[in-house]
There are 2 protein chains.
Amino acid sequence: MAEKKKAVTEKEAATTCACQKVRMAARAVTRAYDRALRPSGLRSTQFSILVAASVAEGIPLHRLAEILGLERTSLTRNLAAIEREGLIQVTSVDGRTRSVLLTPVGSARLKQALPLWAQAQQTLRARVGEKDWPILDHSLAKLKEVA
Amino acid sequence: MAEKKKAVTEKEAATTCACQKVRMAARAVTRAYDRALRPSGLRSTQFSILVAASVAEGIPLHRLAEILGLERTSLTRNLAAIEREGLIQVTSVDGRTRSVLLTPVGSARLKQALPLWAQAQQTLRARVGEKDWPILDHSLAKLKEVA
DNA sequence: CCCAGAACAGTGTATGTACACTCTTTCATT
DNA sequence: AATGAAAGAGTGTACATACACTGTTCTGGG
C-alpha cells in the first residue's frame with residue numbers, strides 16, 4: 001500500500017532549511033571577523049588563505065584549495081587580489097604545478113592580523129559559551145564532512 | 001603581576017578558526033543544495049528568498065533582509081536576478097517602502113523546487129544523523145545569534 | 001505650512017564563489 | 001620517440017556579499 005507522502009510546504013522550507021541556516025550563520029560570523037580584521041586590511045578569506053599558505057607553504061594550489069574547502073577556481077581568483085597587494089607570490093613548482101609563497105610583506109601583515117583574529121575568536125567563543133564551543137566545532141566538522 | 005600572554009600562532013589560527021570552519025561548511029552545503037536544485041534553475045539563495053517572500057509576502061525589503069540574515073544591499077542585488085527572470089515583482093508600498101510579490105511564474109517555480117529541496121535536506125539530514133541534527137540546528141542558531 | 005531628521009532603498013566598488021570550458025604539461029604505454 | 005590519457009591550472013560568465021555613499025520620502029515639532 002503506497003502511503004501518501006505529505007507535500008513539502010514553503011513554511012517548512014522557511015523554518016528548517018539547513019543550507020539557509022549555515023549560510024546565514026556564515027554571513028554573520030564573517031561580518032564580525034571582517035570588522036575585527038579591518039585594521040589589518042585583510043578580509044576573512046584572505047586571512048584564511050595567508051594562514052593556510054603559511055602553515056602549508058609550498059603545496060600545490062589544488063591541495064591548498066582542498067584544505068580550505070574551496071573550489072580550485074575560487075582560490076585562483078582569491079589569490080589574485082592578495083598577490084596584487086604583494087602579500088604572496090604564486091610560483092611554478094614545475095611546468096604545470098604552482099604553489100603559494102608568502103612574501104615578507106605578507107608575513108608581516110599576517111603577524112599584524114593574528115592578534116585581531118584572536119580577539120574576534122575569543123569574543124565569539126565567550127558568547128557561544130565554553131560548553132557549546134566544542135559542540136559547535138563538531139557540528140561544523142560533521143557538516144563539511146558529509147555535505 | 002602581569003602574566004605573559006602567549007603569542008597566537010599561525011597554526012592555531014589554521015586549525016581552530018570558527019569563521020573559516022563555518023564558511024567552509026556553508027560552501028560545502030551550498031554546493032550540495034545548488035546541485036540538487038539545479039533542475040529547477042534556482043540557486044540556494046534564490047530558493048531561500050522565494051520561500052521567505054512566499055511565507056512573509058508583502059513585508060518591507062529591509063525586514064525581509066533581516067529575516068534572511070542578509071545585508072539589505074545584498075538583498076537588493078539578489079532580487080534583481082530573480083526579478084529579471086520574472087519570478088518576483090518588487091512593488092512600492094508607499095513612496096519609500098517596497099516589498100516583494102511572487103508572480104505566478106515564481107510560485108510555480110517554487111512548487112517545482114520544493115521537492116528537490118526536500119530531497120537535499122533529507123539526504124543531508126540522514127548523513128548528519130538524527131541524533132546530531134537538532135544539535136547542529138542549535139549550534140547554527142546560536143552562532144547567528146551571538147555573532 | 002516648513003523643515004530637519006529619520007526611515008527606506010539604490011549605486012559604486014571590491015571581493016567571494018562556482019560551474020563549464022579550455023589550455024598546457026606530465027606520464028605511462030607501446 | 002610518439003601519443004593519448006590524466007593532472008594541474010586559468011578564463012568566461014554569472015551570481016553572492018557587504019561597506020560606503022547617495023537619493024528620496026515620510027513625519028513630527030515649530
Side-chain angles (χ1 to χ4, degrees), chain A residues 19-20 22-39 41-50 58-66 68-85 87 90-100 147, chain B residues 19-20 22-39 41-50 58-66 68-85 87 90-100 147:
Chain A
C19 185
Q20 159 65 9
V22 69
R23 286 175 66 83
M24 186 157 50
R27 286 192 294 261
V29 173
T30 301
R31 285 193 291 264
Y33 279 64
D34 275 356
R35 216 177 310 125
L37 288 174
R38 177 161 286 247
L42 294 176
R43 312 284 238 60
S44 296
T45 303
Q46 302 174 336
F47 176 77
S48 287
I49 292 175
L50 285 186
I59 63 172
L61 292 186
H62 75 274
R63 279 283 302 138
L64 183 58
E66 191 179 4
L68 289 165
L70 260 176
E71 280 298 311
R72 184 186 51 77
T73 59
S74 303
L75 176 59
T76 299
R77 299 293 155 85
N78 290 340
L79 289 176
I82 50 184
E83 184 167 31
R84 213 183 309 124
E85 271 204 81
L87 306 182
V90 180
T91 66
S92 288
V93 173
D94 65 26
R96 61 180 173 178
T97 311
R98 291 156 73 74
S99 75
V100 176
Chain B
C19 185
Q20 159 64 9
V22 70
R23 286 174 67 83
M24 187 159 47
R27 286 192 295 260
V29 172
T30 301
R31 284 192 291 262
Y33 278 64
D34 275 356
R35 215 178 311 127
L37 288 174
R38 177 160 286 246
L42 294 176
R43 310 283 238 58
S44 297
T45 302
Q46 302 174 337
F47 176 78
S48 287
I49 291 175
L50 285 185
I59 64 172
L61 292 187
H62 74 276
R63 280 282 303 138
L64 184 58
E66 191 178 4
L68 290 165
L70 259 176
E71 279 299 310
R72 185 187 50 77
T73 59
S74 303
L75 176 60
T76 299
R77 299 293 156 83
N78 291 339
L79 289 176
I82 51 184
E83 184 167 31
R84 214 184 309 125
E85 270 204 82
L87 307 181
V90 180
T91 67
S92 289
V93 173
D94 65 27
R96 60 181 174 179
T97 311
R98 292 157 71 75
S99 74
V100 176

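In what follows, chains carry the letters A, B, and so on, assigned in the order in which the sequence lines appear, proteins first and then strands, with residues in each chain numbered from 1.
When all heavy atoms are compared, the tightest approach of B/Leu68 to A/Arg27 is O-NH2, 2.6 Å. For the residue pair B/Ala81 and B/Gln46, the shortest heavy atom distance occurs at CB-NE2, 4.3 Å. Looking at every heavy atom in both residues, A/Ala147 comes nearest to B/Ala32 through C-CB, 4.5 Å.
Residues from residues 74-81 of chain A lying near DNA chain C, meaning a heavy-atom separation below 4.0 Å, are A/Ser74, A/Arg77, A/Asn78 in numerical order.
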Only pairs under 3.5 Å count here: list side-chain donor-acceptor contacts from residues 71-79 of chain A, not counting sequence neighbours, and write none if there are none.
residue	atom	partner	partner atom	Å
A/Thr76	OG1	A/Arg72	O	3.3
A/Asn78	ND2	A/Ser74	O	3.4

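No donor-acceptor pair closer than 3.5 Å links the side chain of B/Arg98 to the backbone N or O of B/Leu61. A donor-acceptor pair is defined here as one N or O able to donate and one able to accept, closer than 3.5 Å; such a pair exists between the side chain of B/Asp34 and the backbone of B/Ser44.
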Find every protein N or O atom lying less than 3.5 Å from an N or O atom of nucleotides 20-27 of chain D, and list the pairs.
residue	atom	partner	partner atom	Å
D/dA20	OP1	A/Arg38	NH1	3.4
D/dC26	OP1	B/Gly95	N	2.6

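In terms of position along DNA chain D, the nucleotide closest to B/Glu85 lies nearer the 5' end than the nucleotide closest to the other residue of the pair B/Glu85 and A/Thr30. Summary of the strand contacts: B/Leu61 and A/Thr45 both lie near DNA chain C, and taking for each the nucleotide with the nearest heavy atom, the more 5' one is attributed to B/Leu61. When the nearest nucleotides of DNA chain D are assigned to B/Leu70 and A/Pro60 by heavy-atom distance, the more 5′-ward of the two goes with A/Pro60.
Side-chain contact between B/Val100 and B/Ile49: absent, with no pair of heavy atoms (C-beta onward) separated by less than 4.5 Å.
Taking atom CG on A/Asp34 and atom P on C/dA14, their separation rounds to 17 Å, with Å as the unit. If you measure from atom NE2 of B/His62 to atom C1' of C/dC8, you get 7 Å, rounded to the nearest angstrom. If you measure from atom OH of B/Tyr33 to atom P of D/dA16, you get 17 Å, rounded to the nearest angstrom. Between the CD atom of A/Glu83 and the P atom of C/dT15 there is a distance of 14 Å, given to the nearest Å. D/dA16 atom C1' lies 15 Å from atom CG of B/Leu37, rounded to whole Å. D/dA9 atom P lies 14 Å from atom CD of A/Glu71, rounded to whole Å. For the pair A/Met24 CE and D/dT17 P, the computed distance is 12 Å after rounding to whole Å. If you measure from atom CZ of B/Arg23 to atom C1' of D/dT17, you get 9 Å, rounded to the nearest angstrom.
Under 4.0 angstrom from either OP1 or OP2 of C/dA9 there lies no side-chain N or O belonging to B/Arg98.
Taking B/Ala80 as the reference, nothing meets the side-chain contact (heavy atoms from CB on, under 4.5 Å) condition, with sequence neighbours excluded. For the side chain to side chain donor-acceptor pair (under 3.5 Å) test, no residue two or more places apart in sequence or in another chain qualifies with A/Ser99. For A/Arg35, there are no side chain to side chain donor-acceptor pair (under 3.5 Å) partners two or more places apart in sequence or in a different chain.
Distance from the side chain of A/Arg31 is smallest to D/dA18 among C/dT17, D/dA18, C/dG10. Looking at the side chain of A/Arg43, the nearest of the listed nucleotides C/dA18, D/dA18, C/dG16 is C/dG16.
B/Arg84 comes within contact range of the sugar-phosphate backbone alone, with a heavy-atom separation under 4.0 Å but no base atom that close.
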